[in-house]
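Some notes on the structure that comes next.
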There are 2 protein chains.
Amino acid sequence: MKAMTIGKLSKATGVGTETIRYYERNGFLPAPERLPSGYRVYSSDAAKRLKFIKEAQALGFTLSEISELFALTDDPGADCADVNARAAAKLTEIDEKIERLTRMRESLDRLSRYCPADEHPITECSIINHLYGKAGFDA
Amino acid sequence: MKAMTIGKLSKATGVGTETIRYYERNGFLPAPERLPSGYRVYSSDAAKRLKFIKEAQALGFTLSEISELFALTDDPGADCADVNARAAAKLTEIDEKIERLTRMRESLDRLSRYCPADEHPITECSIINHLYGKAGFDA
DNA sequence: CTTGACCCTGTAGTTACCTACAAGGTGTAG
DNA sequence: CTACACCTTGTAGGTAACTACAGGGTCAAG
């Protein structure tokens, strides 16, 4: 839980200082404490949160969806049933994403199996490409 | 393989006509045949491709990454080894996405297990929220 | 043979998410 | 006390991916 300024936080997370301030302005990151000088002071919680945001974005969640995820843990005005319902909805979303990725994975895997690692003339690959095009990347 | 105009394709896929033309302009969709009038004529392959694009986008792939995926099957100037290497790289990417989502899923699942479905006062949830905040959504 | 739903090109506007200044204050090493 | 790297706010610019016209041509039903 060591304190740090925005620059340290930026280096710790790989998220630019301008982006951190942007997140704060738009409510994706809580406003931190300030020094008398006005400098922002962050705890390592902020770093965790930033890392989570980056992860979730890479997985196809928008910033406002990510806010919803945080709302599950942050919202002080929600009761258990509410939190539970929202968690269940998010779980379903995530399960669907996993399922789709898995199907996409299988399509790609099928492609690599048809295509041996050693070099071949294009013609052979073309046949596979063709089959593959028909089979249809059916994600 | 029935032919259709852009409007039919749009209805069949849920992708707007403007978006379809945008994809074509930017090389994400091959230029289709044209009627003497200039009307675009699509086969059901185009519909497959559009659906795939939408799926992949929802899973966090950008349009240019999706182009790379298509390049695996479309590129006539690639040999088997090349195709195979690119397929393997994409497979790794997809595996990483699945892994991250799975970890995220576990965090969320842990949250729901701590939080029984029946209504509770906020206080109990707050404790869980707090714990959860510490445990840290560690995706 | 007109009406209305469709299509064309081209350009400009929108939203989400940053990213880059400008103009100036803060903190600390030498 | 002077560099110099850091911080502040505010505003403006940039990219990806659409989305919405304008101004006009096409086609099938009645």
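We name chains A, B, ... by the order of the sequence lines, and we start the count at 1 in each one.
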May I have the distance from [X] (atom [atom1]) to [N] (atom [atom2]), rounded to whole angstrom?
X	N	atom1	atom2	result
Leu9(A)	dT8(D)	CG	C1'	16 Å
Glu65(B)	dA17(D)	CD	C1'	14 Å
Glu18(B)	dG13(C)	CD	P	15 Å
Ile53(B)	dA17(D)	CD1	P	11 Å
Ile66(B)	dC18(D)	CD1	C1'	14 Å
Glu24(B)	dC18(D)	CD	P	15 Å
Ile20(B)	dC7(C)	CD1	C1'	13 Å

Within the structure provided, determine whether [X] and [Y] are in side-chain contact (heavy-atom separation under 4.5 Å).
X	Y	result
Ser10(A)	Val15(A)	no
Tyr42(B)	Ile20(B)	yes
Thr102(A)	Glu106(A)	yes
Thr13(B)	Lys54(B)	no

- Message: Is it the case that the ring center of Phe28(A) lies less than 6.0 angstrom away from the ring center of Phe70(A)?
- Response: no
- Residue closer to the 5' end of DNA chain C, Arg40(B) versus Lys11(B) (nearest nucleotide): Lys11(B)
- Encode nucleotides 23-30 of chain C as B, S and - characters from 5' to 3', where the letter depends on protein heavy atoms closer than 4.0 Å: B to the base, S only to sugar-phosphate, - to neither. --BBS---
- With respect to the side chain of Ile6(A), which nucleotide from dT19(D), dC7(C), dT8(D) is positioned closest? dT8(D)
- Nucleotide nearest Arg34(B) (side chain, heavy atoms from C-beta), chosen from dC6(C), dC18(D), dC8(C): dC8(C)
- Task: Go through the steps for Arg40(B) and Glu33(B) under the test salt bridge (Lys or Arg N to Asp or Glu O under 4.0 Å), then give the verdict.
- Result: CA-CA 6 Å; Arg40(B) 290 169 177 82; Glu33(B) 297 296 310; over 6 Å; no
- Message: Salt bridge check, Lys90(A) against Glu93(A): does any charged N sit closer than 4.0 Å to a carboxylate O?
- Response: yes
- Item | Quiz item: cation-pi between Arg34(A) and Tyr39(A), 6.0 Å / 45° | no
- List the steps, then state whether side-chain contact (heavy atoms from CB on, under 4.5 Å) holds for Phe61(B) with Leu101(A). CA-CA 11 Å; Phe61(B) 290 96; Leu101(A) 275 173; 4.0 Å; yes
Dump every N/O contact between nucleotides 15-17 of chain C and the protein below 3.5 Å, one line per pair.
{"unit_1": "dC17(C)", "atom_1": "OP1", "unit_2": "Leu63(A)", "atom_2": "N", "d": "2.9"}

- Query: If only side-chain N and O atoms of Arg21(B) are considered, is one of them under 4.0 Å from the OP1 or OP2 phosphate oxygen of dC8(C)?
  - Reply: yes
- Message: Does dC6(D) have its OP1 or OP2 closer than 4.0 Å to a side-chain nitrogen or oxygen of Thr5(A)?
- Response: no
